[in-house]
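Beneath this line is the structure, given in structure tokens, with notes to follow.
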Amino acid sequence: MEIQRRKILKEKPNAAELGFGKYFTDYMFTMRYDASHGWHAGRIVPNEPYALDLASSVLHYGQGVFEGMKAFPRPDGQISVFRPDMNWARLCRSAERLCIPPVPVEAAEEGLEELLRLERDWIPAREGTALYIRPAIVATGARLGVHASDEYLFFILLSPVGSYFSGTLEPVRLLAEDFYVRASVGGTGEAKCLGNYASSLFAAEAAQRAGYDQVLWLDANERKYAEEVGSMNIFFRLGDTVVTPALDGAILAGITRASCIELLRANGCPVEERRIGMDEILESAERGRLKEAFGTGTAAVITPVGSVTYGGKTVRPEQPVGEVSRFLYRTLTSIQRGTLPDERNWNKIIK
Ligand SMILES: *Cc1c(COP(=O)(O)O)cnc(C)c1O
């Protein structure tokens with residue numbers, strides 16, 4: 001693979017002050033698409049500002065999709081990436097929904113592996129940190145007509161990160177949003193596409209001004225059923241059963257979500273994937289059955305929910321940082337870091 005070297009490497013940030021998505025490594029992987037060549041010209045280049053025609057359709061109509069994964073250092077010095085096959089498959093599904101030609105997975109995978117080998121010194125070691133991987137595909141055709149572009153850019157950025165929210169396992173306060181919606185069945189909610197995030201900012205900012213951390217999105221039809229949080233899927237433990245909204249077409253099918261469901265069931269904990277009404281959550285809390293709630297996602301890992309506010313009422317799970325959240329956090333991060341056996345072959349190991 002072609003690698004364009006840079007003369008001077010960047011200074012690495014202090015591992016204690018990484019935050020999320022503030023620092024980027026020295027290199028990135030890029031690949032281009034046009035109608036006559038298909039996907040071609042995969043190469044590693046310095047991560048520097050990139051020239052784009054300002055008429056590029058992604059800048060006007062948001063034709064673009066992305067992914068998020070994490071790489072971890074292993075005790076044996078190798079690198080592991082958590083379930084990348086699931087991310088590549090989802091990237092292709094998202095691309096299809098946005099009329100973007102899917103990237104050839106082997107080429108994307110090879111680009112990522114080569115990039116990780118080159119950037120291995122950027123993988124932070126400290127507990128709670130990781131090297132975040134951000135692949136994306138954006139439409140670069142310079143035409144203002146509203147139709148699918150005939151040119152695209154695929155790229156992979158790497159960013160050393162700490163925890164997504166302020167601290168690990170710090171409970172967040174959620175506001176169930178009963179006016180604005182994130183997604184509806186038939187819309188683009190299950191695609192990781194650019195517009196979903198831009199359209200969520202307004203309600204998220206209002207919630208933050210009102211003293212909440214995140215919005216809990218409800219279904220678009222009735223504003224009654226819990227769907228998910230900004231970049232996390234949501235789980236509630238009611239009594240001894242863990243309940244999470246079923247994938248109805250408006251919810252992003254999280255890989256952390258799928259992994260948690262599998263781990264819980266394998267450990268004898270019943271999990272129900274179904275509709276879950278805000279009424280049921282408030283009632284469960286009143287009857288002492290709302291034991292815990294947590295969000296799941298690659299960036300946020302497992303984030304406990306400290307309170308949920310809906311229609312002026314605030315309820316608090318009995319355990320602000322519950323046993324199930326702790327179990328999942330510990331198990332997932334230990335599998336990822338190679339300190340627990342990876343029985344399900346979730347880690348892709350890169351030598
Ligand atoms: C990315 C994302 C998630 C989490 O998915 P993971 O695969 O677990 O990282 C959940 N909800 C939304 C809206 C997302 O964009």
Side-chain angles (χ1 to χ4, degrees), residues 20-21 62 64-72 81-95 97-98 130-137 156-157 159 161 163-165 172 174 176-177 180-185 187-204 207 213-220 225-236 244-264 271 273 293-303 305 325 328-329 331-333 335-336 344 346-348:
F20 185 84
V65 294
F66 68 96
E67 267 305 327
M69 316 179 212
K70 275 180 176 170
F72 303 87
V81 184
F82 190 67
R83 309 191 78 176
D85 299 351
M86 303 265 287
N87 293 88
W88 297 128
R90 187 171 66 191
L91 181 66
C92 291
R93 291 201 304 278
S94 299
R97 178 67 179 79
L98 277 273
L131 188 64
Y132 185 78
I133 302 165
R134 168 54 57 85
I137 316 175
I156 305 175
L157 306 179
S159 171
V161 298
S163 50
Y164 191 67
F165 299 116
V172 292
L174 299 184
E177 172 58 59
Y180 297 105
V181 293
R182 187 190 92 90
S184 57
V185 176
T188 55
E190 48 178 19
K192 230 171 159 72
C193 66
L194 308 190
N196 289 350
Y197 303 86
S199 62
S200 74
L201 299 176
F202 190 83
D213 298 302
Q214 292 272 313
V215 166
L216 172 61
W217 298 106
L218 305 181
D219 72 292
Y225 298 95
E227 294 220 312
E228 63 178 317
V229 184
S231 58
M232 301 192 292
N233 295 108
I234 186 82
F235 287 73
F236 301 92
T244 190
L247 301 175
D248 62 352
I251 295 174
L252 199 283
I255 293 156
T256 319
R257 174 188 182 278
S259 308
C260 288
I261 293 173
E262 207 176 319
L263 285 174
L264 290 172
V271 182
E273 294 179 72
F294 53 92
T296 67
T298 297
V301 197
I302 305 293
T303 296
V305 171
S325 313
L328 287 172
Y329 183 85
T331 309
L332 265 181
T333 54
I335 294 172
Q336 290 169 334
R344 293 172 178 77
W346 280 347
N347 294 322
K348 166 122 196 181

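Everything quoted here is computed from the prediction, not taken from an experiment. Just follow the structure's listing: the first ligand is 1, and inside any ligand the first atom is 1.
- Within the structure, ligand 1 has Ser231 among the residues with a heavy atom less than 4.0 angstrom away.
- Of the options Phe72, Tyr132, Trp346, a ring pair (Phe, Tyr, Trp, His ring centres under 6.0 Å) to Phe82 is made by Trp346 and by none of the others.
- Annotation: the span from Ile251 atom CD1 to Glu190 atom CD amounts to 9.5 Å, rounded to 0.5 Å.
- When Val229, Asn233, Thr296, Thr298 are checked for heavy-atom proximity to atom 9 (O) of ligand 1, Thr298 turns out nearest.
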**Prompt:** Can you list the steps and then say if Leu263 with Ile335 is a side-chain contact (heavy atoms from CB on, under 4.5 Å)?
**Reply:** CA-CA 11 Å; Leu263 285 174; Ile335 294 172; 4.3 Å; yes

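- Within ligand 1, counting atoms from 1 as listed, the ones closer than 4.0 Å to a heavy atom of Arg90 are 5 (O), 6 (P), 7 (O).
- At a 3.5 angstrom cut-off on N or O pairs, Asn87 does not count as close to ligand 1.
- Taking only non-hydrogen atoms, the option from Ala253, Ala191, Gly254 nearest to atom 5 (O) of ligand 1 is Gly254.
- Looking only at side-chain heavy atoms (C-beta outward), Val305 and Gln214 stay at 4.5 Å or farther from each other.
- Using 4.0 Å as the threshold, Met69 has no heavy atom nearer than that to any atom of ligand 1.
- Looking at ligand 1, you'll find an N or O of Lys192 within less than 3.5 Å of one of its N or O atoms.
- Listed by number with element, the atoms of ligand 1 under 4.0 Å from a non-hydrogen atom of Ile255 are 6 (P), 7 (O), 8 (O).
- Heavy-atom distances between Ala258 and ligand 1 stay at or above 4.0 Å for every pair.
- Atoms of ligand 1 found under 4.0 Å from any heavy atom of Glu228 (numbered from 1 in listed order, with element): 10 (C), 11 (N), 12 (C), 13 (C).
- The protein heavy-atom contact nearest to atom 8 (O) of ligand 1 is Thr256 OG1, 2.6 Å.
- No side-chain heavy atom of Val301 sits under 4.5 Å from any side-chain heavy atom of Thr256.
- Contact annotation: the side chain of Thr296 never approaches that of Leu328 to less than 4.5 Å [non-hydrogen atoms, C-beta and beyond].
- Taking every non-hydrogen atom of Gly297 and a distance limit under 4.0 Å, the qualifying atoms of ligand 1 come out as 4 (C), 8 (O), 9 (O).
- Under the 4.5 Å side-chain criterion, counting only non-hydrogen atoms from C-beta, Leu332 is in contact with Cys260.
- For ligand 1, the atoms sitting less than 4.0 Å from at least one non-hydrogen atom of Met232 are 10 (C), 11 (N), numbered in the order shown with element in parentheses.
- Between Asn87 and Ile255 the shortest side-chain heavy-atom distance falls below 4.5 Å.
- Which parts of ligand 1 touch Tyr197 is read off a 4.0 Å heavy-atom cut-off, strictly below it: atoms 13 (C), 14 (C), 15 (O).
- Under the 6.0 Å cut-off for aromatic ring centres, Tyr329 and Phe294 do not qualify, their centroids lying 6.0 Å or more apart.
- Under a 4.0 Å criterion applied to the non-hydrogen atoms of Leu252, ligand 1 contributes the atoms 1 (C), 2 (C), 3 (C), 5 (O), 11 (N), 12 (C), 13 (C), 14 (C), 15 (O).
- Taking every heavy atom of Arg182 and a limit of under 4.0 angstrom, the matching atoms of ligand 1 come to 13 (C).
- Note on Arg182 versus Glu227: no salt bridge recorded, every NZ/NE/NH1/NH2 to OD/OE distance being 4.0 Å or above.
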